[in-house]
Amino acid sequence: MKTSMTKKRMLLAVLGVAAASLTTLSYGAVDADAAQSLAKKSDCLKCHAIDKDKKATSFKKIAEKWKGKADAQAKLTDTLTKSPKVKLIDGTEEDHKPIATKDANEIKNIIDWILSR
Ligand code: HEC
């Protein structure tokens with residue numbers, strides 16, 4: 001009886017580890033803290049909220065729009081680095097605010113974070 005309980009526990013532990021690694025794989029190991037602090041530092045949250053529209057579309061809607069698109073990383077990197085003209089929800093146009101970093105890994109991380117909202 002005692003041994004079988006131990007085996008069961010070990011099995012559960014193994015399954016737990018497997019599930020945890022699967023989660024990490026599917027979200028590509030996003031560093032959410034780094035993404036959020038970069039968003040704050042870059043004033044992104046002045047216009048975008050995570051799950052409701054503000055002056056611009058929510059990150060959730062942006063994630064839905066780009067879900068499954070192979071060029072999402074490339075296109076959104078352009079948005080964040082090349083200051084394209086964008087239209088605010090109130091209809092005014094301005095150049096998109098550039099991200100406050102030149103580090104490609106940090107940029108990729110914040111895009112992965114947005115896309116996994
Ligand atoms: C002055 C307001 C404003 C600020 C600040 C701002 N954005 Fe935007 N952003 C917009 C608008 C407007 C659009 C385009 C229309 C829309 O999606 O609402 C946009 C679009 C985007 C898109 C989607 C582009 C697409 O093609 O779907 C992403 C991703 C994005 N912003 C991320 C960010 C990040 C990250 C920051 C911080 C560096 C940021 N934005 C700062 C207004 C802003």
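Indexing begins at 1, ligand by ligand and atom by atom, following the structure's order. All values reported here derive from a predicted model rather than from experimental measurement.
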Measure [X] to ligand 1 on non-hydrogen atoms and call it side chain, backbone, both or neither using the 4.0 Å cut-off.
| X | value |
| --- | --- |
| K75 | neither |
| I99 | both |
| L80 | side chain |
| L88 | both |
| I62 | side chain |

Review point. Would you say the side-chain atoms of T81 pair up with the backbone N or O of T77, donor to acceptor, closer than 3.5 Å?
Key: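 Yes.
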Exercise for review: Please confirm whether the backbone N or O of K75 pairs with a side-chain atom of T79, one donor and one acceptor, at under 3.5 Å?
Suggested key: yes
With atoms numbered from 1 as shown, which atoms in ligand 1 lie under 4.0 angstrom from a non-hydrogen atom of [X]?
| X | value |
| --- | --- |
| D43 | 5 (C) |
| T57 | 16 (C), 17 (O), 18 (O) |
| A56 | 10 (C), 11 (C), 12 (C), 18 (O), 42 (C) |

Practice item. Name the closest protein heavy atom to atom 13 (C) of ligand 1, giving the residue it belongs to and the distance to 0.1 Å. Key: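 Protein heavy atom at minimum distance: V86 CB, 3.7 Å.
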Exercise for review: Decide yes or no for H96 and L80: does some side-chain heavy atom of the first lie under 4.5 Å from some side-chain heavy atom of the second?
Suggested key: yes
Practice item. Check if E94 has a non-hydrogen atom at a distance under 4.0 Å from any atom of ligand 1. Key: yes
Point to revise | N, O or S of C44 under 2.8 Å from atom 8 (Fe) of ligand 1 | key: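 False for C44.
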**Study point:** Whether C47 has an N, O or S atom under 2.8 Å from atom 8 (Fe) of ligand 1
**Key:**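 Short answer: no, not a single N, O or S atom is under the cut-off.
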Check your understanding: Do other residues, nucleotides or ligands put more than 12 heavy atoms under 6.0 Å from K52 NZ?
Key ->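 Atom NZ in K52 is not crowded, with 12 or fewer foreign heavy atoms closer than 6.0 Å.
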Exercise for review: Verify the neighbour count for atom NZ of K69: are there more than 12 heavy atoms of other residues, nucleotides or ligands below 6.0 Å?
Suggested key: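 More than 12 within 6.0 Å, yes.
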Point to revise | With atom 8 (Fe) of ligand 1 as the apex, the NE2/NE2 angle for H96 and H48 - to 10° | key: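 Between NE2 of H96 and NE2 of H48, at atom 8 (Fe) of ligand 1, the angle is about 180°.
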Review point. Yes or no on salt bridge (charged side-chain N to carboxylate O under 4.0 Å, His left out) for R117 and D51, after CA distance, side-chain angles and deciding distance?
Key: CA-CA 8 Å; R117 292 310 86 205; D51 51 17; over 6 Å; no
Exercise for review: Assess the side chains of D103 and T101: does a donor N or O sit below 3.5 Å from an acceptor N or O?
Suggested key: no
Exercise for review: Could you name the option among K54, K65, K87 that has the heavy atom nearest to atom 25 (C) of ligand 1?
Suggested key: K65
Review point. CG/L115 to NZ/K65 distance, rounded to the nearest 0.5 angstrom?
Key: 11.0 Å
Review point. Once you round to the nearest 0.5 Å, how far does CD of E64 lie from CZ of F59?
Key: 14.0 Å
Check your understanding: Looking at ligand 1, does any of its N/O atoms fall within less than 3.5 Å of an N/O of K46?
Key -> no
Exercise for review: Identify whether the distance between the nearest side-chain nitrogen and carboxylate oxygen of D90 and K55 falls below 4.0 Å.
Suggested key: no
